[in-house]
Amino acid sequence: MKKDVIKNERLKEEIHTYELENGLKIFYMPKKGYSKKYVIYATNYGSNDNKFKPIGEDSQIEVPAGIAHFLEHKMFEEPDGNVFNEFSKLGSYVNAYTNYNQTAYLFSCTENFYESLELLVKFVQNPYFTDENVKKEKGIIEQEISMYDDAPEWKVYSNVLSSMYKEHPVRIDIAGTVESIREIDKEVLYKCYKTFYSPTNMILFIVGDIDFEKSLRIITKHQKDSKESVNKIERSRVIEPNGIKESLVEDSLSVSTPLFNIGIKDSDVGYDGDKLIHKEICTNILLEMLFSSGSELYQKLYEEGLINNSFGAQYVGNLEYGYSIIGGESEKPKVVLEKILEYIKEISEKKLSVEDFNRIKKKFIGYHLMDLNSIEYIATNFVNYHFKNSSLLRYLEIIEKIDFSDVESRFEKYLNENNYALSIIYPK
Amino acid sequence: MNLKNFREKIGEGAYLNIIRTDKFKTNLISIYFIRPLSREEATLNALLPFVLRRGTNKYGTSLKIQRRLEEMYGANLSIGINKKGEKQVIRFTIEAVEENYVGANELLHQVIEMFNELINNPLLENEAFLKKYVEQEKENLRKKIKGRINDKRSYAVDRCIEEMCKNEDFGIHKYGYIEDLDQINEKSLYKHYKKLIETSHIEISAVGLIDENNFLTSIKQDFILKRGNIVDLKREEIGKELENKKIVNEKMEVSQGKLTLGYRINIPYENPLYNAFIVGNQILGGGPNSKLFLNVREKESLAYYVYAQTYKFKSIMLLAAGVEFQNYEKAVNIMKKQVEEVKAGKFNDEDIKKAKNSISNSIISLMDSNFSLSEFYLSQVLTKENRNIDEMLKQIKNVNKNEIVEAFQSLSLDTIYFLSNK
C-alpha cells in the first residue's frame with residue numbers, strides 16, 4: 001500500500017498517489033478554490049482489445065466490434081434502475097466514453113462529492129447484463145451509430161484510419177457496426193468485463209478541492225472481493241505491416257464543402273513511457289512548425305483559397321501505432337495534398353528554421369499552462385498519460401529537453417516515407 | 001462564492017469589468033461590441049472581425065499577427081460572433097499565460113497593445129480595407145454560412161428558430177446571408193467599421209490575477225476609444241399572437257431525422273416566474289433524468305439524443321431529438337405529452353430537487369472557467385439584472401411546484417420542424 005506525493009514547484013501543483021492491495025491505483029490532484037470536482041474511473045480497455053485470452057480460459061477469442069463501447073453503455077444499468085437517476089438525485093453530472101484504448105466513467109459535481117464517489121466506485125464494479133437489457137441497448141446504439149454516420153468530421157477521420165491500417169484494430173470503428181453489435185450477448189459481455197475491469201488494469205483519478213483521506217476510506221470500503229486476480233492480461237499483439245492499405249478513400253455526405261483528412265502513418269512504434277511522450281511532443285512541434293496558421297504553407301494555401309481556418313494537424317502516439325492527421329475543408333483536397341508533399345520536399349532541402357522551433361516551443365509551454373486551468377483537461381489527460389506509462393506533471397520537464405536537432409531528425413525519418421493516405425468527404 | 005466585479009465607465013457606452021482571481025494560470029481579456037441584430041447589419045458584423053484579423057498597421061499579415069502571439073507564449077486570440085436575443089455580439093478575446101509562470105513581465109501590456117492594433121489600427125489602403133483581405137474573408141464567410149448544414153443537429157435547431165421568427169429579428173442568422181455578401185466591398189465594409197467602433201456599446205472584461213488600477217490605467221492609455229452616438233439596444237418582444245401552428249418538413253440527404261418543436265414561453269425573464277420555468281424546463285428535458293430522456297429514449301428507444309432548451313431573451317423553448325423517419329409521429333406525440341405532463345403537475349418533489357441541483361451545479365461551475373465568468377458578467381449587463389451568483393442560486397432554490405405549473409400554463413406550441421430524407 002504505497003502512498004506518495006509528487007510535486008511540481010514550477011506549476012504549483014502536486015499529485016497524491018495511493019495503491020490498494022488489489023492493485024487499483026488512486027491519484028488525487030488538489031485544486032484549491034475550484035468549485036467543481038471531477039473524478040474518472042478508467043480501465044485500460046478499448047475498442048482495440050478485440051482479441052484476448054479471457055481470464056480462466058486457455059485460448060484467445062475474438063469478440064464482435066463495438067463491444068467495449070456496448071459494455072460501457074450497459075454499465076449504467078442496475079437491477080433496481082439506472083445509475084443516471086442516482087447521480088441526478090445528487091445533482092452530479094455523470095458520463096462515460098470509450099475510445100480505442102480505454103473506457104472511462106466519470107462524474108463531476110459541486111456538492112455531494114463523497115456520495116457521488118461512492119456511487120461511482122460501486123456501479124463500475126457491478127456489471128448487470130441480461131438478455132432483455134442487451135436487446136434494448138442495441139436499438140439505442142444503432143441510433144448512435146446512425147448519428148455518427150451523419151457526422152462528416154467523424155466519417156472523414158474513421159475512413160482515413162481504415163485506409164492506413166491493414167491489420168491493426170484501430171481501423172475499426174469504436175462503436176462497431178449495426179451488424180457487428182447484433183452478435184453481442186450477455187455472456188461475451190461478462191467475459192470482457194471479468195478480464196479487463198480488474199483493479200490492476202484500472203485507475204481512479206480525482207481532481208478538485210476535497211479531503212483525500214475521506215475519499216480513500218470510501219474507495220477502500222467499497223472494493224469488491226475478487227477471487228480471480230488478473231496480473232497480466234494476455235492481449236493479442238498485432239504486428240501491423242508497414243505501408244498503407246489504400247492511399248485514397250472517398251465518400252459523400254450532406255456537406256457544403258469537401259472535408260479531408262491526410263493520415264501519415266508512423267512506423268517508429270513499439271514503445272511507450274516518457275520516450276513516447278517525447279516523440280509525441282516533438283512530432284506535434286514539427287507539425288505546428290509546418291502546418292499551423294503561423295507557417296508559410298498555411299498562409300500560401302489560405303491565400304490561394306485552398307484551405308480555411310479549420311486546417312490543422314495533430315499527431316497521436318500509442319504503444320503499437322501512431323499517426324498524424326492533417327485535416328480541413330477544401331474544394332480541392334487532392335491539390336492540397338500535392339502542395340503539402342511539394343512543401344515537405346522543399347523543406348528537406350531548405351531545412352527547418354530554428355527561430356520557428358523556439359517560437360513554437362514557447363507556444364506549447366503557454367498552451368500547456370492554459371490547459372491546466374481545466375480540471376476536465378487535467379483528469380482526461382492524466383489518465384491518458386498514465387496508460388501510456390508517463391505522467392502529465394512531467395510534460396514541462398519533457399518538453400524543456402526537446403531541442404532543435406530532435407525535431408530535425410524526426411522530420412527526416414517520419415515525413416519522408418511513402419506513408420500517407422488521403423480521405424475525402426464530398427458533398428452529395 | 002462572490003467574485004467581485006470591478007466595473008468602471010471608460011467612455012460613453014463603454015465599460016471595463018475586472019474579475020480578479022488567482023485561480024487560473026492565465027489572464028483572459030475580452031472586448032465585446034454589442035449591436036442590435038438587424039438584417040441590414042448582420043452580415044457586415046459577421047464579416048468585419050475576420051477582416052480585422054488579416055492585418056494591422058504594425059503586423060500587416062495574419063502570419064505576422066500569429067507569430068507575434070506565439071512569441072507571447074502562445075497567447076490565444078479568438079473571435080466570436082453571437083446572438084444574445086436580438087443583439088449581435090462581436091467578441092475579441094486574448095488569453096495569455098500569467099506572467100509569473102514564465103518570467104515575462106510585459107505580457108499583459110503586450111496583450112492590450114495587440115488589441116489596440118487589431119481593433120483600432122487595421123491595415124488600410126486608400127481609406128478602405130485591403131480588397132484582397134475582404135474578398136477572401138467574404139469567401140470564407142460564404143462557406144461558413146453554407147456549412148450550416150454540416151452539423152445537422154444544430155441546423156435543425158437553427159431552422160426551427162428561423163421559421164418560428166420569420167418576421168422577427170430573432171430569426172436572423174448570426175452569420176448573416178449569402179445574398180448580402182455580393183453587395184459588400186472594401187469601402188462599404190470600412191464605412192461600417194467606423195460606425196461599429198464609434199456607436200457600439202462596448203464591454204471590456206478581464207479575468208485573472210490583475211491589478212485593477214494598473215490595468216485601468218493601461219487601458220485608458222493604450223486602447224483608443226472613439227465614441228459617437230451610441231446605438232440603442234431594444235428589449236425583445238416576447239408575446240406573440242399565434243394564428244396557426246406551423247409544420248415545416250425540410251428534405252436533405254440524412255440518415256437520421258432531426259426533429260425540433262418550438263414553443264413560446266410567453267413569460268419575460270424580468271418576471272420572477274421565469275426562474276420557475278427554468279426549473280420546469282430542466283424537469284422536462286434537461287438531462288438523463290428528464291421526462292424527455294426517460295420516455296423518448298429509455299422507454300421507447302426512439303432517440304439517442306433528446307432535450308429541451310430555453311432562449312432567455314426571446315422566451316422561447318425548443319425540444320430537439322434525432323429520430324428515425326418512420327417514428328416522426330410517435331416521437332412528436334410522446335414529446336408533446338411530456339410537456340402536458342409538466343403542465344398538469346405530473347412530477348414530484350424528487351424531480352424538482354434533482355432539477356434544481358443540476359441547475360445549481362451548472363451555475364456554480366461556471367466560476368471554474370475564466371471564459372464563462374467573462375460571459376456571465378456580460379449577460380448580466382445585457383439583461384440589466386446585475387445579479388451576482390449567490391442571488392441567482394437563491395432564486396432557483398426558492399422555486400416551488402405551484403410556480404412551475406403556473407409558469408408552464410402560458411406555453412404555446414408555435415412550430416414543428418422536421419429534417420428528413422429526400
Side-chain angles (χ1 to χ4, degrees), chain A residues 10-11 32-36 82 84-85 87-94 108-112 136 139-141 143-144 146-147 149-153 253-257 259 292-296 298-299 302-303 305 308-309 329 359-360 362-367 369-370 372-375 428, chain B residues 1 21-26 61-63 66-67 70-76 95-98 101-102 132 136 139-140 143-144 146-153 252-256 287-289 297-298 301-305 322 324 350 353-354 356-358 360-361 364-365 367-370:
Chain A
R10 184 171 166 192
L11 288 177
K32 286 236 160 297
Y34 273 70
S35 326
K36 246 180 14 183
N82 195 296
F84 277 119
N85 212 11
F87 278 100
S88 278
K89 282 186 196 162
L90 299 169
S92 298
Y93 166 77
V94 65
S108 79
C109 65
T110 53
E111 295 174 321
N112 300 319
K136 189 201 78 160
I140 295 175
I141 294 186
Q143 290 302 311
E144 189 180 350
S146 273
M147 188 185 80
D149 281 341
D150 257 343
E153 303 270 358
L253 280 177
S254 207
V255 292
S256 58
T257 310
L259 263 70
S292 78
S293 53
S295 80
E296 279 166 27
Y298 183 104
Q299 295 303 312
Y302 192 95
E303 292 202 358
N308 59 27
N309 59 12
E329 293 172 340
R359 201 182 64 239
I360 300 294
K362 259 176 156 172
K363 174 178 172 172
F364 272 39
I365 290 171
Y367 273 22
L369 288 162
M370 211 169 290
L372 294 177
N373 281 339
S374 156
I375 57 170
K428 268 212 168 124
Chain B
M1 225 167 279
T21 170
D22 66 352
K23 236 159 85 162
F24 307 109
K25 292 179 164 55
T26 55
T61 62
S62 47
L63 178 61
Q66 190 59 35
R67 289 190 175 179
E70 286 172 357
E71 276 297 340
M72 289 160 61
Y73 284 90
N76 190 31
E95 185 175 9
V97 167
E98 214 301 296
Y101 287 98
V102 291
K132 176 170 90 162
Q136 281 165 356
E139 215 20 65
N140 285 334
K143 288 181 185 150
K144 207 178 206 162
K146 278 195 173 148
R148 289 173 59 195
I149 60 167
N150 287 354
D151 182 343
K152 305 292 184 296
R153 265 173 83 150
M252 211 178 259
E253 300 277 0
V254 286
S255 56
Q256 183 192 59
N289 216 75
R297 173 171 148 154
E298 293 302 295
S301 296
L302 284 179
Y304 173 67
Y305 76 89
E324 290 302 303
E350 202 46 58
K353 182 164 170 238
K354 275 184 218 164
K356 285 181 180 179
N357 278 341
S358 185
S360 303
N361 195 354
I364 294 171
S365 58
M367 293 199 295
D368 287 348
S369 152
N370 48 14

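Values reported hereafter were calculated over all heavy atoms of this structure, with side chains retained and with hydrogens, waters and symmetry mates removed. Labels below follow one simple rule: chain letters A, B, ... track the order of the sequence lines, proteins then strands, and each chain is numbered from 1.
Smallest separation of non-hydrogen atoms from A/Leu90 and B/Asn357: C-ND2, 4.1 Å. Taking each heavy atom of B/Met367 and A/Ser35 in turn, the nearest pair found is CE-OG, 3.7 Å. Minimum heavy-atom separation, A/Ser254 to B/Met252: OG-CG, 3.5 Å. Between A/Leu369 and B/Tyr101, the shortest heavy-atom distance links the atoms CD1-CB, 3.9 Å. In terms of heavy-atom proximity, A/Ser146 sits nearest to B/Glu324 at OG-OE2, 4.2 Å. Nearest approach of B/Lys25 to A/Leu11, heavy atoms of both residues: CE-O, 3.2 Å.
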CA sep, side-chain torsions, deciding dist, call: A/Gln143, B/Leu302, side chain to side chain contact (heavy atoms under 4.5 Å, CB included): CA-CA 8 Å; A/Gln143 290 302 311; B/Leu302 284 179; over 6 Å; no
Criterion side chain to side chain contact (heavy atoms under 4.5 Å, CB included) on B/Glu71 and A/Lys362, from CA distance to verdict: CA-CA 7 Å; B/Glu71 276 297 340; A/Lys362 259 176 156 172; 3.2 Å; yes
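The most heavy-atom pairs under 4.5 Å with chain B, out of A/Ser92, A/Ser374, A/Gly33, come from A/Gly33. When each of A/Asp150, A/Thr257, A/Val255 is scored by its heavy-atom pairs under 4.5 Å with chain B, the top score falls to A/Asp150. Between chain B and the options A/Gly366, A/Ser295, A/Ser256, the largest number of non-hydrogen pairs under 4.5 Å is found for A/Ser256. Taking chain B as the reference chain and counting heavy-atom pairs below 4.5 Å, the highest number among A/Ser108, A/Cys109, A/Ala151 is found for A/Cys109. Interface check for chain A: of the options B/Arg148, B/Lys356, B/Glu70, B/Gln256, the most heavy-atom pairs under 4.5 Å are formed by B/Glu70. In terms of heavy-atom pairs under 4.5 angstrom with chain B, the leader among A/Tyr302, A/Tyr367, A/Tyr298, A/Phe364 is A/Tyr302. If you tally non-hydrogen atom pairs under 4.5 Å between each of A/Arg10, A/Lys363, A/Lys428 and chain B, the highest count goes to A/Lys363.
Neither the backbone nor the side chain of B/Glu98 comes within contact range of chain A; no heavy atom of the residue lies under 4.5 Å from a heavy atom of that chain. With a threshold of 4.5 angstrom between heavy atoms, B/Lys144 does not approach chain A through any atom at all. Proximity to chain A (any heavy atom under 4.5 Å) is restricted, for B/Lys152, to the side chain, taken from C-beta onward. The part of A/Ser292 that comes within reach of chain B is its side chain, from C-beta onward, which places non-hydrogen atoms under 4.5 angstrom from that chain. Both the backbone and the side chain of B/Ser255 come within contact range of chain A, with heavy atoms under 4.5 Å apart. In this structure, the portions of B/Arg297 lying under 4.5 Å from any heavy atom of chain A include both its backbone and its side chain. Using a 4.5 Å cut-off between heavy atoms, B/Asn370 contacts chain A through its side chain alone, with no backbone atom that close.
The distance from atom OG of B/Ser301 to atom CD1 of A/Ile141, rounded to the nearest 0.5 Å, is 10.5 Å. Going from atom CZ of B/Arg67 over to atom CZ of A/Arg359 covers 4.5 Å, rounded to the nearest 0.5 Å. Separation of atoms NZ (A/Lys36) and CD1 (B/Ile364) is listed at 11.0 Å; rounding is to 0.5 Å. A distance of 12.5 Å separates NZ in A/Lys32 from NZ in B/Lys23, rounded to the nearest 0.5 Å. For the atom pair A/Met370 CE and B/Glu95 CD, the distance stands at 4.5 Å (nearest 0.5 Å).
More than 12 heavy-atom neighbours from other residues, nucleotides or ligands sit within 6.0 angstrom of CD on A/Glu144. Atom CD of B/Glu139 sits in a crowded spot, with more than 12 heavy atoms from other residues, nucleotides or ligands closer than 6.0 Å.
The backbone N or O of A/Glu303 lies less than 3.5 Å from a partner atom in the side chain of B/Gln136, making a donor-acceptor pair. A donor-acceptor pair under 3.5 Å is absent between the side-chain atoms of B/Asp368 and the main chain of A/Tyr34, judged by distance alone. For the pair A/Asn373 (side chain) and B/Phe24 (backbone), a donor-acceptor distance under 3.5 Å is absent.
No side-chain donor from either of A/Lys89 and B/Asn289 sits under 3.5 Å from a side-chain acceptor of the other.
At least one side-chain heavy atom of B/Lys354 sits less than 4.5 Å from a side-chain heavy atom of A/Asn85.
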